[in-house]
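Just below is one structure, and these are the notes that go with it.
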Amino acid sequence: MSGLKEKYLERLAELFPTIAAASTEIINLQAILNLPKGTEHFITDVHGEYEAFNHVLKNGSGSVKRKIDDVFANTMSARDKQTLATLIYYPREKMEKIRETEPNMDDWYKITLYRLIEISKRAASKYTRSKVRKALPKDFSYVIEELITEKQGLADKESYYASIISTIIRIGRAEEFIVALCELIQRLVVDHLHIVGDIYDRGPGPHLIMDKLMEHHSVDIQWGNHDVLWMGAAAGQKCCIANVIRICARYGNLDILEDGYGINLLPLATFAWKKYAKDPCECFKLKGSGADGAQEMELNMKLHKAISIIQFKIEGQMSKVYPEFGFEKRNFLHKINYEKGTIVIEDKEYTMLDDYFPTIDPADPYALSPEEEEIMERLVSAFQNCEKLQRHMRFLLSKGSLYKIYNSNLLYHGCVPLTEDGNLKEVTIYGKTYKGKALYDFMDSYVRKGFFAIDPKERAKGRDLMWYIWQGENSPLFAKDKMATFERYFLNEVELHKEHKNPYYTFLENEEVMDRVLMEFGMDTKKSRIINGHVPVKTKNGENPVKCGGKVMVIDGGFSKAYQKETGIAGYTLIYNSYGLILAAHEPFESTEAAIEKERDIHSDSVIINRVVSRKTVGDTDVGNSIRERIADLEELLKAYRSGKIIEKI
């Protein structure tokens with residue numbers, strides 16, 4: 001036995017000090033391998049739409065309804081099943097409505113408790129008793145365990161259960177117990193949640209989504225370009241900060257910054273109101289409806305323009321610091337004829353929609369004024385010192401990454417940059433060239449350096465790379481040739497607004513190319529698949545999210561309300577359970593109030609993408625591989641005990 005192996009087994013012996021203890025653990029682990037695989041839930045491109053996200057999280061993209069159907073089949077009406085599902089999603093709010101019309105609440109409590117107990121039993125059946133016990137709410141853990149665990153040999157089991165339920169009702173704990181059961185069901189129907197990018201921007205509640213995710217029992221996150229933008233802003237990168245504020249202003253969501261994160265925008269607002277007092281700022285109308293009243297709308301439009309001009313200035317400055325980022329071609333302020341109100345792009349002159357630029361010096365257009373410099377310094381300090389924002393970003397860092405391999409699925413937000421002929425594209429950053437997985441790994445490491453590097457130069461490079469990841473042509477999270485922000489604001493020519501996607505998107509149906517991507521990440525092309533979001537799937541135009549015969553799934557269907565006119569739906573999500581893969585296409589979510597009062601669930605069309613011949617078990621998963629390794633180690637420990645190389649600690 002080698003010294004290292006012996007040392008490892010001695011440490012293992014501290015956890016399992018006897019032959020009996022090691023043997024019991026082997027038996028337990030071997031049994032776990034044969035349990036059904038836990039349900040995985042994939043959600044992407046939430047874009048701040050908290051209410052819709054919260055609802056999809058509660059219903060598990062139809063998983064709760066499927067569980068109700070499994071248990072009650074044809075013994076309950078469709079209406080009763082819907083009422084029960086709504087209760088499970090929103091127990092407190094739904095019971096408040098039920099109390100208004102139900103004449104005998106005790107009878108309702110009894111019927112409902114029995115139903116919820118049966119669903120809880122079914123939901124818990126695929127887990128070990130230990131795992132279920134950890135999921136139980138503390139206040140009712142013992143009672144719930146008694147009710148959902150079969151009691152073999154109990155002569156009058158029905159009487160035993162009836163006594164418990166009657167007592168719960170009699171002592172006035174029925175409603176709290178119902179809440180506990182509903183939350184337990186939500187917890188058990190989905191074992192693990194994957195967020196495949198873009199929690200932030202457009203919608204009004206990304207901070208609420210982050211709070212919700214931080215409470216979740218099991219989650220991983222693949223960063224989207226909008227998430228990395230906010231990470232860069234939190235790290236103090238000025239271009240990222242300006243972009244974050246501009247997008248919040250554009251969608252009428254400045255409340256996210258002011259109320260959600262407590263970031264003071266008053267100096268910027270005062271500056272904008274003063275500098276653009278006589279400017280209607282028509283090119284900077286809001287896309288959202290976050291402003292209350294005409295005056296607030298006017299202020300937001302002025303602030304929107306002010307921060308946009310600041311953004312173009314500091315991006316122009318930063319592009320000269322990092323010429324390899326390729327952003328200098330995106331600088332336009334020096335191309336404007338400020339007297340004529342025109343701009344020359346690629347030797348062609350265009351008339352600008354807005355020619356009022358009181359804060360730009362034509363002789364030095366990228367220089368910030370003293371007021372703008374002071375505003376940006378204040379904002380950098382505010383973002384870096386916002387405790388809540390930093391807490392959310394640390395969570396993104398701890399639970400997130402640029403990609404993840406999980407149960408034979410390769411998860412990433414955007415794409416793997418490819419050349420026109422379908423090969424991995426080489427990208428040069430900071431003097432070195434990367435492609436494929438190496439590009440992802442390099443960028444992931446530098447995002448973390450932007451927060452944690454001790455060397456100030458490396459930390460600055462990490463911060464600035466987040467700006468590149470946000471909108472760089474060869475960024476795997478952006479995957480377009482440009483972000484046409486300037487053109488969309490100031491030029492009417494639609495052809496200048498066009499953003500060309502990376503060739504990756506033309507090869508989504510090409511099995512040879514997609515296999516090449518999978519092999520680059522060390523995956524088995526026969527059983528692996530790619531799951532990503534980022535580009536909305538235009539379902540209304542007949543586009544299908546399932547590509548390459550099911551080997552690739554692009555599941556951004558448009559959670560963002562701003563995209564729903566383009567997509568025709570309100571998001572795709574994916575469920576991967578022990579029976580196979582289910583794709584859910586969601587209709588727009590009306591409101592939480594409608595979901596409770598009118599029992600209007602998100603209407604979802606579910607399509608089985610892949611149904612397995614034999615039900616998948618834990619043994620078929622990554623967890624199963626880890627368990628088998630653990631069993632092998634314990635069997636080595638048994639050999640060491642039996643050979644006398646390690647002594648039992650009895």
Side-chain angles (χ1 to χ4, degrees), residues 48 201-204 207 229-230 233 236-317 332-333 336 338-339 341 352-386 389 485-486 488-491 562:
D201 288 334
R202 299 198 183 99
H207 53 301
L229 176 67
W230 276 75
Q237 212 285 339
K238 290 182 180 179
C239 299
C240 293
I241 289 171
N243 271 279
V244 161
I245 297 171
R246 178 184 62 79
I247 294 169
C248 284
R250 183 173 177 80
Y251 287 90
N253 290 325
L254 291 171
D255 286 350
I256 296 169
L257 294 167
E258 294 179 303
D259 300 335
Y261 287 114
I263 289 172
N264 183 13
L265 297 179
L266 183 59
L268 176 61
T270 304
F271 169 80
W273 190 261
K274 180 176 69 174
K275 290 295 181 182
Y276 299 98
K278 299 178 181 179
D279 186 356
C281 299
E282 285 292 318
C283 293
F284 294 86
K285 289 180 179 177
L286 277 58
K287 278 199 167 189
S289 55
D292 295 325
Q295 188 171 18
E296 186 178 347
M297 179 72 76
E298 185 182 358
L299 174 59
N300 282 4
M301 288 166 65
K302 294 181 190 305
L303 187 151
H304 185 189
K305 183 173 182 178
I307 195 62
S308 297
I309 300 302
I310 290 172
Q311 175 189 316
F312 298 140
K313 286 183 177 184
I314 56 181
E315 286 186 336
Q317 295 172 18
F332 294 101
L333 299 185
I336 298 173
Y338 290 91
E339 293 181 357
M352 298 185 66
L353 297 172
D354 183 339
D355 61 0
Y356 184 70
F357 300 110
T359 66
I360 296 178
D361 177 3
D364 190 5
Y366 299 103
L368 293 176
S369 69
E371 285 177 285
E372 289 171 326
E373 286 277 11
E374 184 182 355
I375 286 166
M376 285 309 301
E377 290 304 320
R378 285 189 178 191
L379 287 170
V380 168
S381 177
F383 273 78
Q384 287 182 321
N385 293 298
C386 174
L389 179 62
T485 306
F486 182 93
R488 290 177 187 276
Y489 282 133
F490 294 113
L491 297 167

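Scope of the values below: all heavy atoms of this structure, side chains included, with no hydrogens, waters or symmetry mates.
Checked options Leu268, Leu368, Val380, Ile307; the residue passing with Ile375 is Leu268 (criterion: side chain to side chain contact (heavy atoms under 4.5 Å, CB included)).
With rounding to the nearest 0.5 Å, the separation of OG1 in Thr485 from CZ in Phe490 is 10.5 Å. Taking CG of Asn243 as the reference point, atom CD of Gln311 lies at 3.5 Å (rounded to 0.5 Å). Interatomic distance, CG of Asn264 versus OG of Ser381, reported as 11.0 Å (0.5 Å rounding). Leu303 CG to Glu298 CD: the interatomic distance, rounded to the nearest 0.5 Å, is 12.5 Å. The line from OG1 of Thr359 to NZ of Lys274 is 11.5 Å long, rounded to the nearest 0.5 Å. Separating the CD atom in Gln384 from the CD1 atom in Ile241 is a distance of 7.0 Å, to the nearest 0.5 Å.
For Met301 against Cys281, the heavy-atom pair with the smallest separation is CE-O, 3.2 Å. In this structure, Ala382 and Ile263 approach most closely via the heavy-atom pair CB-CG2, 4.1 Å. Taking each heavy atom of Lys278 and Pro280 in turn, the nearest pair found is O-CD, 3.6 Å. The minimum heavy-atom distance linking Pro204 with Ile256 is given by the pair O-CG1, 3.4 Å. Here the closest heavy-atom approach between residue Ile360 and residue Lys313 is recorded as CG1-CE, 3.9 Å. Here the closest heavy-atom approach between residue Leu254 and residue Ala249 is recorded as CD2-N, 3.7 Å.
Between Lys305 and Glu282 there is no salt bridge, since no side-chain N of the basic residue sits under 4.0 Å from a carboxylate O of the acidic one.
A heavy-atom distance below 4.5 Å is not found between the side chains of Ile245 and Ile310. Within the 4.5 Å cutoff, the side chain of Tyr489 has no heavy atoms near those of the Asp354 side chain. A 4.5 Å side-chain heavy-atom check between Glu315 and Lys238 finds every atom pair outside the cut-off. Looking at heavy atoms from C-beta onward, Met352 lies in side-chain contact with Phe357 at the 4.5 angstrom threshold. Using a 4.5 Å heavy-atom cutoff, the side chains of Leu257 and Phe383 are in contact. Between Tyr338 and Leu333, some side-chain heavy-atom pair lies under the 4.5 Å cut-off.
Classified by interplanar angle (parallel below 30°, tilted 30° to 60°, perpendicular above 60°), the ring pair Trp230/Tyr261 is tilted.
Not counting sequence neighbours, Glu339 has no partner by the side-chain hydrogen bond (donor to acceptor under 3.5 Å, both in side chains) test. With sequence neighbours left out, the side-chain hydrogen bond (donor to acceptor under 3.5 Å, both in side chains) criterion links Glu258 to no other residue.
Inspection of the Tyr276 and His304 side chains reveals no N or O donor paired with an N or O acceptor under 3.5 Å.
Gln317 places a side-chain N or O within donor-acceptor distance of the main-chain N or O of Tyr366, the cut-off being under 3.5 Å. No donor-acceptor pair closer than 3.5 Å links the side chain of Asp201 to the backbone N or O of Val244.
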